[in-house]
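Working notes, beginning with the structure itself.
Predicted model only: the values in this text are computed from it and were never measured. Residue numbers start at 1 and run along the sequence shown.
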Amino acid sequence: GVFTELLGAGDGLLTAHHREDQAETLLLQLLRGGGAHGLAAMPESRPLGRGMLHRPLLGLGRDQLAAYAEHHSLEWLDDPSNFDTGLERNWLRHELLPRLRERRAGIDTVLARSAEHFAEAAGLLDELAEQDLERCVVDDALLIDSLRALSGARQRNLLRLWLRRLGLPLPDHRRLHQVLDELCTAGEDAEPRVAWSGAELRRYRGRLYAMAPLPEPLAAPIAWDGGELELPGGLGVLSLEGEVSGLEVRPRVGGERLHPVGRDRSRDLKRLMQEAGVPPWLRERWPLIYLDGGLAALPGLWIDRRYADSGWIPRWRAEFHQFAIEKDGENNDN
């Protein structure tokens, strides 16, 4: 949102959320089937953008804040939409909570206290997930066998924390079970995928990988003069160390061959990428660099032996791509 974009490093934003707001948030989460983290409602402080959001007034009631504002002749604005009971929070505020207060005095304090209990429980769940993460995560990927060794509840708890750490939205309860059923029980050769709004999970070689939705592969060749080139559709940026002209960037179509340094002959690109452990979703998106009509390089993987001593090295940067292979005699990594 706007505040996320505006807050810089070291900035803090203070809001006037109060005890009744906390009670409303707890009830909203309860009606929506929220788990411990949702029922913990609003924390007093949390990161927001590059700064922090603070709610120092959560322990005070709305009447206390209103009395203070009136005593000091403060002015404020009332949002007209706050009275639209077609909105669920407003219905809780104007219809349900007044009835609950008639039935039980101090209900807002009781609900706020319950949110504190849920926050404590959520913290303990996170501590457990932290311990499981140490055993189950390698290079931001989840090890399937280690995940399977956990109980179902711990698997789901670990997945939630892992996704939050990666900055990805969490799936709903049904999709979370689908992740475990489809991705963790698939055959060794299967490459299943489960997606929801803003995220997708894929499996490859015994590991689970989580990511934002991937851009579409390159659709057509692009001439490249060697300057920094932004590929279409969010596929990243190409740059070049050294000088060479007449380059062309092409998508994979199948059947390409390359002769890496250290190999006695050219090899099929599909086999080379399989041997290097390049995940399938990256293989089809990896830009291929052509020179004089022939495949010359895969930035970050190999340069064809014909150009090994040419002094030019292509580089590829993309948010969805952090893959790298070990440097050895047959690779020309950038």
Side-chain angles (χ1 to χ4, degrees), residues 35 37 125-217 234-236 252 269-287 298-302 315-328 331 333-334:
H37 288 85
L125 289 172
D126 284 347
E127 287 184 21
L128 179 60
E130 291 277 7
Q131 297 172 17
D132 291 335
L133 276 176
E134 292 181 5
R135 294 190 292 269
C136 298
V137 174
V138 175
D139 297 330
D140 288 336
L142 273 181
L143 303 177
I144 297 291
D145 287 343
S146 298
L147 186 64
R148 282 174 174 164
L150 302 176
S151 68
R154 284 177 69 169
Q155 289 178 14
R156 294 186 291 274
N157 186 50
L158 172 57
L159 279 170
R160 292 187 189 99
L161 181 64
W162 178 55
L163 291 170
R164 290 204 306 271
R165 288 290 176 81
L166 294 174
L168 296 171
L170 301 184
D172 58 27
H173 185 72
R174 179 186 63 82
R175 193 61 55 88
L176 191 61
H177 279 269
Q178 183 184 4
V179 168
L180 296 169
D181 291 342
E182 294 187 12
L183 297 183
C184 294
T185 61
E188 291 298 324
D189 296 331
E191 297 170 2
R193 166 182 173 270
V194 175
W196 60 92
S197 178
E200 57 186 49
L201 265 66
R202 298 170 183 262
R203 173 177 170 167
Y204 179 60
R205 292 188 175 180
R207 297 184 179 187
L208 280 185
Y209 295 84
M211 63 205 75
L214 294 173
E216 291 298 316
L235 282 170
R252 282 194 65 200
L269 198 57
K270 179 179 180 179
R271 182 175 294 275
L272 283 173
M273 298 181 90
Q274 285 177 335
E275 291 175 356
V278 180
W281 58 90
L282 285 182
R283 295 176 205 165
E284 60 185 355
R285 291 169 174 82
W286 213 289
L298 274 72
L301 294 178
W302 306 280
R315 305 181 187 279
W316 180 38
R317 305 190 312 273
E319 289 187 4
F320 63 90
H321 152 59
Q322 293 85 32
F323 179 82
I325 59 177
E326 294 295 326
K327 295 182 178 176
D328 56 36
N331 301 328
D333 299 345
N334 54 28

What's the shortest heavy-atom distance between [X] and [Y], and which atoms?
{"X": "Leu235", "Y": "Ala318", "answer": "O-CB, 3.7 Å"}
{"X": "Pro215", "Y": "Gly234", "answer": "CG-O, 3.6 Å"}
{"X": "Pro287", "Y": "Pro299", "answer": "O-CD, 3.2 Å"}
{"X": "Arg156", "Y": "Leu176", "answer": "CB-CD2, 3.7 Å"}
{"X": "Trp196", "Y": "Leu163", "answer": "CZ2-CD1, 3.9 Å"}
{"X": "Leu168", "Y": "Ala212", "answer": "CD2-N, 3.7 Å"}

*If only atom types and distance count, is the side chain of Gln155 paired as donor or acceptor with the main-chain N or O of Leu150 below 3.5 Å?*
yes

*Counting only N and O atoms by type, is there a donor-acceptor contact under 3.5 Å from the side chain of Arg252 to the main-chain atoms of Trp286?*
no

Side-chain heavy-atom pair [X], [Y] within 4.5 angstrom cut-off:
{"X": "Leu125", "Y": "Leu161", "result": "no"}
{"X": "Arg207", "Y": "Asp139", "result": "yes"}
{"X": "Leu159", "Y": "Leu142", "result": "yes"}

*Please lay out, stage by stage, how Trp281 and Phe320 fare under the test ring-ring contact (aromatic ring centres under 6.0 Å, His included).*
CA-CA 10 Å; Trp281 58 90; Phe320 63 90; over 10 Å; no

*Would you sort out whether Tyr209 and Leu282 count as a side chain to side chain contact (heavy atoms under 4.5 Å, CB included), showing the intermediate values?*
CA-CA 12 Å; Tyr209 295 84; Leu282 285 182; over 6 Å; no

*asked:* For the CD atom on Glu319, are there more than 12 heavy atoms of other groups (residues, nucleotides or ligands in this structure) within a distance under 6.0 Å?
replied: no

Output the distance between atom [atom1] ([X]) and atom [atom2] ([Y]), rounded to the nearest 0.5 Å.
{"X": "Glu134", "Y": "Gln131", "atom1": "CD", "atom2": "CD", "result": "7.5 Å"}
{"X": "Gln178", "Y": "Asp172", "atom1": "CD", "atom2": "CG", "result": "9.0 Å"}
{"X": "Leu147", "Y": "Arg154", "atom1": "CG", "atom2": "CZ", "result": "11.0 Å"}

*asked:* Run Leu214 and Arg193 through side chain to side chain contact (heavy atoms under 4.5 Å, CB included) and show every step you take.
replied: CA-CA 12 Å; Leu214 294 173; Arg193 166 182 173 270; over 6 Å; no

*Charged N to carboxylate O under 4.0 angstrom, Arg135 versus Asp132?*
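Answer for the salt bridge query: yes.
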
*asked:* Applying side chain to side chain contact (heavy atoms under 4.5 Å, CB included) to Met273 and Leu301, what does each step give before you reach the verdict?
replied: CA-CA 9 Å; Met273 298 181 90; Leu301 294 178; 4.1 Å; yes

*Establish, from distance only, whether the side-chain atoms of Gln274 and Arg271 form a donor-acceptor pair under 3.5 Å.*
no

*asked:* My understanding is that only residues two or more places apart in sequence, or in another chain, count here; which of them pass salt bridge (charged side-chain N to carboxylate O under 4.0 Å, His left out) with Asp126?
replied: Arg164

_Applying side chain to side chain contact (heavy atoms under 4.5 Å, CB included) to Leu269 and Leu298, what does each step give before you reach the verdict?_
CA-CA 10 Å; Leu269 198 57; Leu298 274 72; 3.8 Å; yes

